[in-house]
Amino acid sequence: MKILSFGEIIWDVYENEKFIGGAPLNLAAHCSKQGAEVFMLSSVGNDDLGKDALIEVKNFNVKTDFVSVNNEKETGKCIVTLNKNGVPSYNVLTDVAYDYIKVPDNINNFQFDIFCFGTLALRSSENLETVKSILKKSNIKKVYCDINIRPPFFSDETILFALENANILKVSDEELHYVTEACKYNKLSDISQKYDNLEFILLTQGDKGATVYDCKNKKAYSQTAPKVKVASSVGAGDSFGATFLCEYFKTNDISRSLKKSIEISAFVVSKKEAIPEY
């Protein structure tokens with residue numbers, strides 16, 4: 001399976017340490033760990049963090065052919081603080097390299113099974129136009145979108161764009177109301193009926209587990225989560241989405257894919273890194 005993941009490469013900076021991350025990179029790395037051939041489409045600055053980022057991406061066995069180096073903007077950075085339950089809050093820096101991702105000249109020479117993007121990177125008009133161009137011109141079979149709300153970096157426009165273009169949509173229970181407010185539908189069944197391009201809606205529900213809604217067959221599959229000691233929930237949703245994509249496209253089995261996705265994301269929650277060694 002060949003995957004193209006679009007969006008932010010960003011350093012998550014904690015009080016005393018930093019980790020490479022960004023939802024699209026986390027997703028790419030977890031897909032690679034599960035056997036997919038993954039390309040990252042992003043941009044980093046011509047700085048120390050950018051150089052370190054390229055090394056880290058390659059260490060995840062994610063291809064950097066489409067990661068450009070921006071000589072004018074710094075590499076993305078996010079200041080992360082965790083509350084007593086390990087739930088993160090984010091201070092995402094603006095006007096950084098990943099806000100200016102260009103369409104690679106040779107992108108049409110590749111055929112991808114899945115194109116993945118999140119709503120955070122669509123905060124810039126340049127990136128929104130890049131994604132539109134890729135969806136229009138490139139050889140892509142399926143489109144996956146992660147609704148990753150980071151106030152104030154979202155809009156109804158980008159949420160509706162995701163709904164209109166995704167085949168597989170991932171959203172957390174904490175972020176679902178942003179989707180329902182944007183599209184004016186409260187139920188997953190109603191959303192899927194309105195946007196008939198949707199095949200699956202993945203709803204992550206924290207320590208309660210997750211639900212996969214099969215839009216074509218109008219059927220919901222739910223799975224509880226195992227109890228684990230939470231170190232950090234950063235990257236858990238990305239690992240869930242990555243696992244579902246990889247497992248479902250191998251097995252075509254929704255229940256099995258959901259179960260494995262829950263197991264992997266629970267493991268990630270027990271680690272501080274967004275992309276721990278399995």
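- Using a 4.5 Å heavy-atom threshold, the side chains of C215 and I201 count as touching.
- The backbone N or O of V143 sits less than 3.5 Å from a side-chain atom of N167, completing a donor-acceptor pair.
- Annotation: the span from F240 atom CZ to L245 atom CG amounts to 10.0 Å, rounded to 0.5 Å.
- In this structure, E164 places its CD atom where more than 12 heavy-atom neighbours from other residues, nucleotides or ligands lie under 6.0 Å away.
- Atom CD1 of I254 sits about 13.5 Å away from atom CD of Q223, to the nearest 0.5 Å.
- With a 6.0 Å radius and a threshold of 12 heavy atoms from other residues, nucleotides or ligands, K216 has its NZ atom above the threshold.
- In this structure, CG in D52 is found 9.0 Å from OG1 in T75, a value given to the nearest 0.5 Å.
- When side chains are defined from C-beta on, S261 does not count as touching E247, because their heavy atoms never get closer than 4.5 Å.
- Remark: the backbone N or O of L120 is paired with a side-chain donor or acceptor of N148 at under 3.5 angstrom.
- If you take CG on D146 and SG on C116, they are separated by 9.5 Å, rounding to the nearest 0.5 Å.
- Distance alone, capped at 3.5 Å, is enough to place a donor-acceptor pair between the T130 side chain and the I101 backbone.
- Checked for salt-bridge contact, K132 and E129 meet the test: a charged N lies under 4.0 Å from a carboxylate O.
- Looking at M40 and F60, their side chains never come closer than 4.5 Å, going by heavy atoms from C-beta outward.
- Of all the heavy atoms in S222 and L258, the pair that sits closest is C-CD2, 3.8 Å.
- Looking only at distances, no side-chain donor or acceptor of S239 sits under 3.5 Å from a matching main-chain atom of V268.
- Here the closest non-hydrogen pair linking I3 and A36 is CD1-CB, 3.9 Å.
- In this structure the side chain of P24 reaches within 4.5 angstrom of the side chain of E8, judged on heavy atoms.
- In this structure, K77 places its NZ atom where only 12 or fewer heavy-atom neighbours from other residues, nucleotides or ligands lie under 6.0 Å away.
- Within 6.0 Å of CG on D105 lie no more than 12 heavy atoms contributed by other residues, nucleotides or ligands.
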Side chain to side chain contact (heavy atoms under 4.5 Å, CB included) between L54 and V44: does it pass, once the steps are laid out? CA-CA 8 Å; L54 290 173; V44 297; 4.2 Å; yes
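- Shortest non-hydrogen contact noted between A266 and P226 is CB-CG, 3.6 Å.
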Give the intermediate values and the outcome of side chain to side chain donor-acceptor pair (under 3.5 Å) for residues Q34 and T243. CA-CA 7 Å; Q34 297 182 50; T243 304; 2.8 Å; yes
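- Summarising the geometry of S192 relative to L198, their closest heavy-atom pair is CA-CD1, 4.4 Å, with the distance given to 0.1 Å.
- Looking at S32, its side chain never comes within 3.5 Å of a backbone N or O of A29 through a donor-acceptor pair.
- When Y144, Y221, Y248, Y195 are each tested for a ring-ring contact (aromatic ring centres under 6.0 Å, His included) with F200, only one passes: Y248.
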Take K170 and E175, measure what salt bridge (Lys or Arg N to Asp or Glu O under 4.0 Å) needs, and give me the verdict at the end. CA-CA 10 Å; K170 187 184 82 66; E175 296 167 322; 5.6 Å; no
Criterion side chain to side chain contact (heavy atoms under 4.5 Å, CB included) on I147 and L169, from CA distance to verdict: CA-CA 7 Å; I147 302 291; L169 186 79; 3.8 Å; yes
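- Residue D113 is tested with K141, K2, K250 for a salt bridge (charged side-chain N to carboxylate O under 4.0 Å, His left out); the sole match is K141.
- Annotation: N61, atom CG; neighbour count of heavy atoms from other residues, nucleotides and ligands within 6.0 Å does not exceed 12.
- Under the 4.5 Å side-chain heavy-atom criterion for grouping Ile, Leu, Val, Met, Phe, Trp and Tyr, Y100 is not connected to I134 through any hydrophobic cluster.
- Under a 4.0 Å N-O distance rule, the pair K73/D99 does not qualify as a salt bridge.
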Set out, in order, the CA-CA distance, both residues' side-chain angles and the distance that settles side chain to side chain donor-acceptor pair (under 3.5 Å) for D214 and N217, then state yes or no. CA-CA 6 Å; D214 179 353; N217 295 304; 2.8 Å; yes
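- Side chain of S124 to main chain of N127: a donor-acceptor pair is present (N/O by atom type, distance under 3.5 Å, no hydrogens or angles).
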Run the numbers on E37 and M1 for side chain to side chain contact (heavy atoms under 4.5 Å, CB included), then give the verdict. CA-CA 6 Å; E37 182 182 7; M1 183 167 63; over 6 Å; no
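- Looking at heavy atoms from C-beta onward, S232 lies out of side-chain contact with F19 at the 4.5 angstrom threshold.
- At a threshold of 4.5 Å between side-chain heavy atoms, the hydrophobic network of Ile, Leu, Val, Met, Phe, Trp and Tyr places I10 and I20 in two separate groups.
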Tell me which donor-acceptor pairs under 3.5 Å the side chains of residues 153-163 have, and how far apart each pair is, sequence neighbours excluded?
{"from": "S155", "atom 1": "OG", "to": "E157", "atom 2": "N", "distance (Å)": "3.4"}
{"from": "S155", "atom 1": "OG", "to": "T158", "atom 2": "N", "distance (Å)": "3.2"}
{"from": "S155", "atom 1": "OG", "to": "T158", "atom 2": "OG1", "distance (Å)": "3.4"}
{"from": "T158", "atom 1": "OG1", "to": "S155", "atom 2": "N", "distance (Å)": "3.3"}
{"from": "T158", "atom 1": "OG1", "to": "S155", "atom 2": "O", "distance (Å)": "3.0"}

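- For residues 198-207, the side-chain hydrogen bond (donor to acceptor under 3.5 Å, both in side chains) pairs, not counting sequence neighbours, are K142-E199, Q205-T211.
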Take E17 and K272 through the salt bridge (Lys or Arg N to Asp or Glu O under 4.0 Å) test and state the conclusion after the steps. CA-CA 11 Å; E17 53 192 340; K272 192 164 188 179; 3.0 Å; yes
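- More than 12 heavy atoms of other shown residues, nucleotides or ligands fall within 6.0 angstrom of atom CD in Q111.
- No donor-acceptor pair under 3.5 Å is formed between the side chain of W11 and the backbone N or O of C78.
- Of all the heavy atoms in L93 and E74, the pair that sits closest is CD1-OE2, 4.3 Å.
- Interatomic distance, F39 CZ to I107 CD1, rounded to the nearest 0.5 Å: 8.5 Å.
- Looking at N106 and F66, their side chains come closer than 4.5 Å, going by heavy atoms from C-beta outward.
- Atoms CG and OG, on N26 and S5 in that order, are 9.0 Å from each other to the nearest 0.5 Å.
- Using a 4.5 Å cut-off between side-chain heavy atoms of Ile, Leu, Val, Met, Phe, Trp and Tyr, with links allowed through other members, Y98 and I275 fall into different hydrophobic clusters.
- No continuous path of ILVMFWY side-chain contacts below 4.5 Å connects I168 to L4, so the two sit in separate hydrophobic clusters.
- Cation-pi geometry between K33 and Y278 is met: the NZ or CZ atom falls under 6.0 Å from the ring centre, inside 45° of the normal.
- Under the side chain to side chain contact (heavy atoms under 4.5 Å, CB included) criterion, A242 pairs with L27, H30, C31, not counting sequence neighbours.
- Scanning both residues, C145 and T119, for their nearest heavy atoms gives SG-CG2, 4.3 Å.
- Contact check for I191 versus C183: side-chain heavy atoms found under the 4.5 Å cut-off.
- Looking only at side-chain heavy atoms (C-beta outward), V131 and L122 come within less than 4.5 Å of each other.
- With hydrophobic clusters built from ILVMFWY side chains whose heavy atoms lie under 4.5 angstrom apart, V57 shares a cluster with V38.
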